[in-house]
There are 2 protein chains.
Amino acid sequence: MPVDPEAAITITAYDWVPDFAQGQVRDLRVRWALEETGQNYAVRYLSQGQQKEAAHRALQPFGQVPTYEEGDLTLFESGAIVWHIAERFPGLRPTEPAGQSLSLEWLFAALNTLEPPIMDRAQMTIFEVAEPWAKPRLPGVDERINERLQEASDRLGTAEWFGGGFSAGDLMMVSVLRIIEGAGLVEAFPNLADYVARATERPAFQQALTDQLAGFTGNPPPGFDEWMAELKRKQGELA
Amino acid sequence: MPVDPEAAITITAYDWVPDFAQGQVRDLRVRWALEETGQNYAVRYLSQGQQKEAAHRALQPFGQVPTYEEGDLTLFESGAIVWHIAERFPGLRPTEPAGQSLSLEWLFAALNTLEPPIMDRAQMTIFEVAEPWAKPRLPGVDERINERLQEASDRLGTAEWFGGGFSAGDLMMVSVLRIIEGAGLVEAFPNLADYVARATERPAFQQALTDQLAGFTGNPPPGFDEWMAELKRKQGELA
């Protein structure tokens, strides 16, 4: 579905993020869910810093994106929004109870078991990359990620999806695994790499990604280029 | 409700964990939800290492507790189980849509926004306490936690609960905030400290806690006392 300014659903997104975050900001998870369920939506873009202002905090107490508005309903937390969409519209949640359980548990596994060590890696390679412990600590973080990936790989086996048919649980598992794409971690498990490829080939994902990328029309904050150059230099030292 | 070996619902729990984890293992979240909704349940206890064996991994691919079984239904991930209980039985989920949204979003905020930095602190003060970066890295971790607590405190204000009435969202927020009780972080926000106190005074929480603690009848692994003495020594250096 095209993004439609007149749509009944409105989400929020950033009008600019650094290159490495483009295609990762969490409104992508919500856009993908809306595409899978055939819902069009409007986007209200926030420029640098607006997410921390009172007007946005009234919708999102932690000053982040995305939010979801539909009539009187407002929601924050991409996990909550994706699950709401899965319950509200057909397409992301199996109709039989066993499939619904699988969808629900893999959604939480993605956000509370896989994503914490994966975000710890982002912490080391981006936000703490200049700290003296970034390099010595990274192998232990990767070991924790690897253990989770092994376990997920063992469970997936030769299945196409974690929950029978593609569901909200798979949408979230893939969204989380994409964060470390290219780091060699997911790629070490061919069934997981194929799983991510299979999911991201879906037209709904491709449309959501295209629309997120098209929204980055804003400007970086002052000093961004210097910050980015320094980040790349430090990341080079980490490798 | 008392724990009842004949109950229709069975959860899994550990028969032993170190002192500092007693009252924190995640089956407590599920026990609490079952108490709030007036459901009795049976417990299958796992002794040291059993959680990583194939029989348990068939229920829980990551080799953790808790799991939830009821007839043909099995579930893992405490977040998924608590939400399932909230949807299945009255008592943890408001009946009007706005309250249901609040309950859902605060459940996810607890698990995906608050808990990751809070578990990062556990990583520094327990699992990585002997590493040279534990002490220099901890202040930055606490700063991230503090930012989230400030935002949660601002949103809670003078309200009793995040979602109108006590709900699954509050149950999970409190469960996560309890992890760092006594570290001076939550205590710096009197409304959050009161919120945790108000929730943990609930008879359902007290019963769940009592029952979890009563289940630790097993034995520690060989070498545990030496490991614990070393942990305490290292934690002393961190302080």
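All figures in this text were calculated on a predicted structure; none of them were measured in a lab.
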Taking side chain as everything from C-beta outward and backbone as N, CA, C, O, which of these in B/Gln150 sits under 4.5 Å from a heavy atom of chain A? Side chain, backbone, both or neither. neither
Pick one of side chain, backbone, both or neither for B/Arg155, based on which atoms fall under 4.5 Å of a heavy atom in chain A. side chain
Bottom line for B/Arg57: the part with an atom under 4.5 Å from chain A's heavy atoms is both
For A/Phe62 and B/Ala152, the nearest pair of non-hydrogen atoms, with its separation, is CE2-N, 4.1 Å
By a 4.5 Å heavy-atom criterion (distance strictly below it), what part of A/Pro117 contacts chain B: side chain, backbone, both, or neither? neither
Quick check: are there more than 12 heavy atoms from other residues, nucleotides or ligands sitting under 6.0 Å from CD of B/Glu143? no
Chain B: which of A/Glu131, A/Gln64, A/Glu147 shares the most heavy-atom pairs with it under 4.5 Å? A/Gln64
If you apply the rule side-chain contact (heavy atoms from CB on, under 4.5 Å), what do you find for B/Glu87 with A/Glu87, and how did you get there? CA-CA 12 Å; B/Glu87 287 194 318; A/Glu87 288 194 318; 2.5 Å; yes
Part of A/Leu114 lying under 4.5 Å from any heavy atom of chain B: side chain
What part of B/Asp120 gets within 4.5 angstrom of chain A, counting heavy atoms only: side chain, backbone, both, or neither? side chain
Chain B shares the most heavy-atom pairs under 4.5 Å, among A/Trp106, A/Phe108, A/Phe127, with A/Phe108
Using the side-chain contact (heavy atoms from CB on, under 4.5 Å) rule, take B/Glu151 and A/Lys52 through it: C-alpha gap first, then chi angles, then the decisive distance, then the call. CA-CA 11 Å; B/Glu151 291 165 326; A/Lys52 301 295 184 192; 4.3 Å; yes
Can you tell me which portion of A/Gln100 sits under 4.5 Å from chain B's heavy atoms? Options are side chain, backbone, both or neither. neither
Could you look at A/Ala109 and say if it's the side chain, the backbone, both or neither that has a heavy atom under 4.5 Å from chain B? both
Donor-acceptor contact present, side-chain B/Glu105 to main-chain A/Phe76, <3.5 Å: yes
Between A/Pro116, A/Ser101, A/Gly140, who has the most heavy-atom pairs with chain B when the cutoff is under 4.5 Å? A/Ser101
Which atoms of A/Ser78 come close to chain B, meaning under 4.5 Å heavy atom to heavy atom: side chain ones, backbone ones, both, or neither? neither
Using a cut-off of under 4.5 Å on heavy-atom pairs, state which of B/Thr74, B/Leu104, B/Leu102, B/Asn112 scores highest against chain A. B/Asn112
Heavy-atom contact with chain A under 4.5 Å, split by part of B/Ile118: neither
What residue in A/Thr113, A/Asp72, A/Ile81 has the most heavy-atom pairs under 4.5 Å with chain B? A/Thr113
Checking heavy atoms, do the side chain of A/Leu73, its backbone, both or neither come under 4.5 Å from chain B? side chain
Measure distances from A/Glu115 to the heavy atoms of chain B and classify the residue's part below 4.5 Å as side chain, backbone, both or neither. side chain
A/Trp133 side, atom CH2; B/Met124 side, atom CE - distance, nearest 0.5 Å: 9.0 Å
Interface residue of largest heavy-atom contact number with chain A, from B/Met119, B/Arg144, B/Arg137, under 4.5 Å: B/Arg137
If I measure from the heavy atoms of chain A, does B/Leu107 come under 4.5 Å with its side chain, its backbone, both, or neither? side chain
